[in-house]
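The structure under discussion appears below in the form of structure tokens.
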Amino acid sequence: MAKDYDAKSIEVLSGLDPVRKRPGMYTDISSPNHLIQEVIDNSIDEAIVGFCSKIKLILSKQGSISIFDDGRGMPVDEHPEHKLTGVELILCKLHAGAKFSGEDYNFSGGLHGVGVSVVNALSKNLSVEIKRDGKQFEMFFEGGEKKSDLKQVGEVGPRNTGTAIHFEPDPQYFETIKINKESLKHLLKAKAVLCPGLTIKYVDEKKAERISWNYENGLISYLVESSEGVDLLLEESISCSKIVDDNALDFVLNWSTQPVKNLMSESYVNLIPTTHGGSHLNGFKGGLLDAVKEFCEFRNLIPKGLKITADDVIQYSTFVVSSKLTNPQFSGQTKERLDSKDHQAFVATTTKDVLSIWFNQHTEEGEKLAELAIISAQARIKETKVVDRKKSFQGPALPGKLSDCNSTDLNETELFFVEGDSAGGSAKQSRERKFQAIMPLKGKILNTWDLESSEIIKSAEIKDIATAIGVNPGSPDIDSLRYGKICILADADSDGLHIATLLCALFLRHYKPLILAGHIYVAMPPLFRIDCAKEVFYALDEAEKDSIIKKLKLKKGKPKIEIQRFKGLGEMNPSQLRETVMDPKTRRLVQLTVRPSENVNSMMDLLLSKKNAGARKEWLEKRGKIVSV
């Protein structure tokens with residue numbers, strides 16, 4: 001029997017232990033790239049406030065990473081309350097930093113106070129060198145723990161200031177220790193572009209490669225350079241640079257005369273790339289749409305009955321949007337999406353004002369842009385009138401509960417297997433009919449782990465699944481696949497996780513070619529909704545909920561916080577379901593992958609095989625209490 005659950009069973013993680021225990025909650029563990037970005041962002045924050053003009057990154061032959069800047073240098077004096085030096089607090093304590101109040105950094109990216117401490121926690125070793133106040137200091141760490149105290153090692157000139165961090169990522173925390181160098185170089189180049197006058201140097205000792213970036217002309221020269229070979233509509237790109245109180249916006253914008261793949265469209269917040277966009281990008285698109293519609297309506301350019309959307313206006317565009325604000329709210333520690341709603345209004349208003357003035361001064365070019373948007377809208381309307389492919393499908397009769405999509409393009413089509421009719425109804429209302437299909441399932445499907453593919457097809461539920469996706473279980477041929485993404489969407493509670501596990505087992509055991517080809521995904525619906533004033537947050541689990549609440553309580557005025565726990569997907573209204581699990585711009589979708597180094601089959605045998613009931617019982621008795629759902 002398992003021993004009693006009492007106070008001694010509670011595990012308290014201190015220092016940097018939470019990072020090492022769950023590194024994926026704090027950084028992108030696919031590679032060490034995000035660790036490098038965290039250190040770079042601290043140097044960039046110094047550049048934004050005018051104290052840093054040079055940053056240098058060195059990738060050594062031995063695998064270590066060094067980042068130098070000529071900023072003010074980390075504080076070396078002792079903190080009056082914690083009795084530790086500023087350096088040790090920054091590198092060893094989560095949520096320790098000088099950017100919460102906004103007094104030392106007006107605009108900054110490192111607002112959570114966890115960035116560089118995460119780098120320390122996930123590195124085999126880390127050393128820091130600081131120059132400030134005419135002195136040079138050093139401190140060493142190993143496995144995130146202090147190896148030596150901060151000590152003075154020399155003297156420097158009074159104007160010789162800065163910080164140098166050297167670290168070696170620990171392979172045990174990452175899927176691969178290999179750095180994505182092309183992505184890294186693109187990031188460094190973009191940082192230099194977004195901070196005119198800043199020089200960033202990149203050195204790869206193994207390849208003997210040296211690159212230096214410095215853009216005095218900022219965004220405009222970057223857009224021209226990145227659009228080389230593209231026939232741009234405007235001879236001179238539209239640009240904006242505006243700062244009002246705690247908000248700032250810079251953007252540059254142009255259009256291609258013809259459809260071109262991979263046109264540059266990038267957005268940043270406080271010089272941090274927001275690959276998933278967010279409120280600043282939504283504001284930019286909204287302001288652009290309003291300006292175009294206003295211009296078209298004034299000149300009576302839009303055909304009767306035609307509605308232009310933001311996607312129509314933005315389709316052929318190439319742009320860079322760089323927002324700055326004092327207290328950005330990101331959706332996660334990796335800061336890939338901005339959630340600050342108030343900033344959206346500032347960006348939308350600023351964008352519309354700038355574009356409205358531009359249209360009034362460039363009416364001929366404005367009419368060309370309007371024509372592009374109108375052509376795009378007409379093409380979009382034409383696409384939505386295609387015959388439902390369910391009616392023209394040649395093959396076995398599709399399941400009656402399948403609400404199919406219109407598109408047949410595997411690059412965009414998605415099928416969601418949804419738990420229950422109630423959630424299925426909400427999903428149908430919140431989906432994008434053009435490329436998203438919905439198929440409700442009746443609770444828990446058959447446990448197929450121990451069965452042969454020829455046996456499981458006898459199950460009506462499994463047969464419907466196979467017919468819907470267009471591939472038979474056990475078949476190595478996936479050419480008949482009907483959807484590019486097959487998404488498992490179940491409730492965030494324990495029953496939902498059980499259903500998701502059974503579906504994962506089905507695909508792993510009988511549809512492994514689909515997993516290896518990257519077609520299987522698991523949607524991550526939230527368990528909680530947190531309302532604070534006019535802001536809305538969603539949390540996947542208790543830990544994320546507690547983290548969000550902790551940050552909200554730091555706000556001035558002690559705002560009222562309301563928490564709603566979703567009993568299931570069917571309880572969410574369509575707009576909530578669309579925002580959290582259906583909309584590609586805002587949802588959380590995890591790709592199901594199998595790493596060669598993992599013995600997945602033995603783990604699934606333990607969890608699901610009827611032959612392993614004894615071993616499973618023993619495992620649950622010993623370790624079941626530590627499992628969280």
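FYI, the numbering just counts along the sequence from 1.
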_Test side chain to side chain donor-acceptor pair (under 3.5 Å) applied to H519 - qualifying residues, sequence neighbours left out_ = none
*asked:* Looking only at the side chains, is there a donor atom on one of E266 and Y222 sitting less than 3.5 Å from an acceptor on the other?
replied: yes
*asked:* Y316: which residues meet the ring pair (Phe, Tyr, Trp, His ring centres under 6.0 Å) condition with it, sequence neighbours left out?
replied: none
*Would you indicate whether the side-chain heavy atoms of H343 and S323 approach each other to under 4.5 Å?*
yes
_Side-chain donor-acceptor contact under 3.5 Å, T586 with E579_ = no
*Which value, rounded to the nearest 0.5 Å, describes the distance between I200 atom CD1 and C195 atom SG?*
7.5 Å
*At their closest point, which heavy atom of A437 faces which heavy atom of C405, and how far apart are they?*
CB-N, 3.9 Å
*CG/L194 to OH/Y215 distance, rounded to the nearest 0.5 angstrom?*
11.0 Å
*To the nearest 0.5 Å, what is the distance between CD1 (I486) and CG (L503)?*
11.0 Å
*Any side-chain donor near an acceptor of the partner, T274 and S267, under 3.5 Å*: yes
*Under the salt bridge (Lys or Arg N to Asp or Glu O under 4.0 Å) test, which residues partner R529, sequence neighbours left out?*
D531
*Is there a side-chain contact between I520 and Q591, using heavy atoms and a 4.5 Å cut-off?*
no
_Would you say T199 and N214 are linked by a side-chain donor-acceptor pair, where the criterion is simply a distance under 3.5 Å?_
yes
*Among all residues two or more places apart in sequence or in another chain, which pass the salt bridge (Lys or Arg N to Asp or Glu O under 4.0 Å) test with K185?*
E182, E209
*Please name all residues satisfying ring pair (Phe, Tyr, Trp, His ring centres under 6.0 Å) with F319, sequence neighbours left out, ordered by chain then number.*
F284
*asked:* Any side-chain to backbone donor/acceptor pair from T351 onto V347? Under 3.5 Å, distance only.
replied: yes
*To the nearest 0.5 Å, how far apart are CG in L592 and CZ in F507?*
9.0 Å
_Between C487 and L589, is there a side-chain heavy-atom distance shorter than 4.5 Å?_
yes
Please tabulate, for side-chain N and O atoms in residues 285-292, each donor-acceptor pair with protein atoms closer than 3.5 Å (sequence neighbours left out).
none

_E235/K368 ion pair, N-O < 4.0 Å_ = no
Ignoring hydrogens and angles, write down the donor-acceptor pairs under 3.5 Å from the side chains of residues 248-257, residues two or more places apart or on other chains.
from : atom 1 : to   : atom 2 : distance (Å)
D250 : OD1    : S241 : OG     : 2.7
N254 : OD1    : L234 : N      : 3.1
N254 : ND2    : L234 : O      : 3.0
N254 : ND2    : S237 : OG     : 3.0
W255 : NE1    : V313 : O      : 3.0
S256 : OG     : Q258 : N      : 3.2
S256 : OG     : Q258 : O      : 2.5
T257 : OG1    : D231 : O      : 3.3
T257 : OG1    : D231 : OD2    : 3.1

_Results of salt bridge (Lys or Arg N to Asp or Glu O under 4.0 Å) for E228 - residues two or more places apart only_ = none
*Going from CG on D45 to CG on N270, what distance comes out if it is rounded to the nearest 0.5 angstrom?*
7.0 Å
_Rounded to the nearest 0.5 Å, what separates atom OG1 in T593 from atom CD1 in I515?_
9.0 Å
*Side chains of K181 and Y202: closer than 4.5 Å at any heavy-atom pair?*
yes
*asked:* Which heavy atom of R578 sits nearest to which heavy atom of Q429, and what is that distance?
replied: NH2-O, 3.5 Å
*Give the intermediate values and the outcome of side chain to side chain contact (heavy atoms under 4.5 Å, CB included) for residues L415 and M439.*
CA-CA 7 Å; L415 170 62; M439 183 169 161; 4.2 Å; yes
*For side chain to side chain donor-acceptor pair (under 3.5 Å), just list the numbers for Y538 and D339, CA-CA rounded to whole Å, side-chain angles, deciding distance to a tenth of an Å, and then say yes or no.*
CA-CA 11 Å; Y538 293 97; D339 283 344; over 6 Å; no
_Run the side chain to side chain contact (heavy atoms under 4.5 Å, CB included) test on T408 and T413 for me, step by step, so that the C-alpha distance in whole Å, both residues' side-chain angles and the decisive distance to 0.1 Å come before the verdict._
CA-CA 7 Å; T408 58; T413 51; 5.9 Å; no
*Is there a donor-acceptor contact under 3.5 Å from the side chain of Q315 to the main chain of D311?*
no
*Would you indicate whether the side-chain heavy atoms of D541 and F528 approach each other to under 4.5 Å?*
no
Which side-chain N or O atoms in residues 294-304 pair as donor and acceptor under 3.5 Å with protein atoms at least two apart or in another chain?
from : atom 1 : to   : atom 2 : distance (Å)
E294 : OE1    : S356 : OG     : 3.1
E294 : OE2    : K352 : NZ     : 3.0
R299 : NE     : E367 : OE2    : 3.0
R299 : NH2    : E367 : OE2    : 3.2

*asked:* Does any part of the side chain of V193, heavy atoms only, come nearer than 4.5 Å to the side chain of W213, both counted from C-beta?
replied: no
*Please report the closest heavy-atom contact between E419 and G496, naming both atoms and the distance.*
OE1-CA, 3.6 Å
*Side-chain heavy-atom pair I314, S317 within 4.5 angstrom cut-off*: yes
_Polar contact flag, side-chain donor to acceptor under 3.5 angstrom, D312-T309_ = yes
_Listed partners of H362 passing ring pair (Phe, Tyr, Trp, His ring centres under 6.0 Å), at least two apart_ = W358
*Side chains of Q378 and L306 in contact at under 4.5 Å (non-hydrogen atoms)*: yes
*Which heavy atom of R482 sits nearest a heavy atom of D404, and at what distance?*
NH2-OD2, 2.8 Å
*Using a distance-only test with no angle check, is there a side-chain donor-acceptor pair under 3.5 angstrom linking S407 and E412?*
yes
*What salt bridge (charged side-chain N to carboxylate O under 4.0 Å, His left out) pairs are there with at least one residue in residues 186-199, not counting sequence neighbours?*
D41-K191, K189-E225
*Are more than 12 heavy atoms from other residues, nucleotides or ligands located less than 6.0 Å from atom NZ of K545?*
yes
_E365: which residues meet the salt bridge (Lys or Arg N to Asp or Glu O under 4.0 Å) condition with it, sequence neighbours left out?_
none
*asked:* E414 and salt bridge (charged side-chain N to carboxylate O under 4.0 Å, His left out): which single residue from K434, R587, R431 fits?
replied: R587
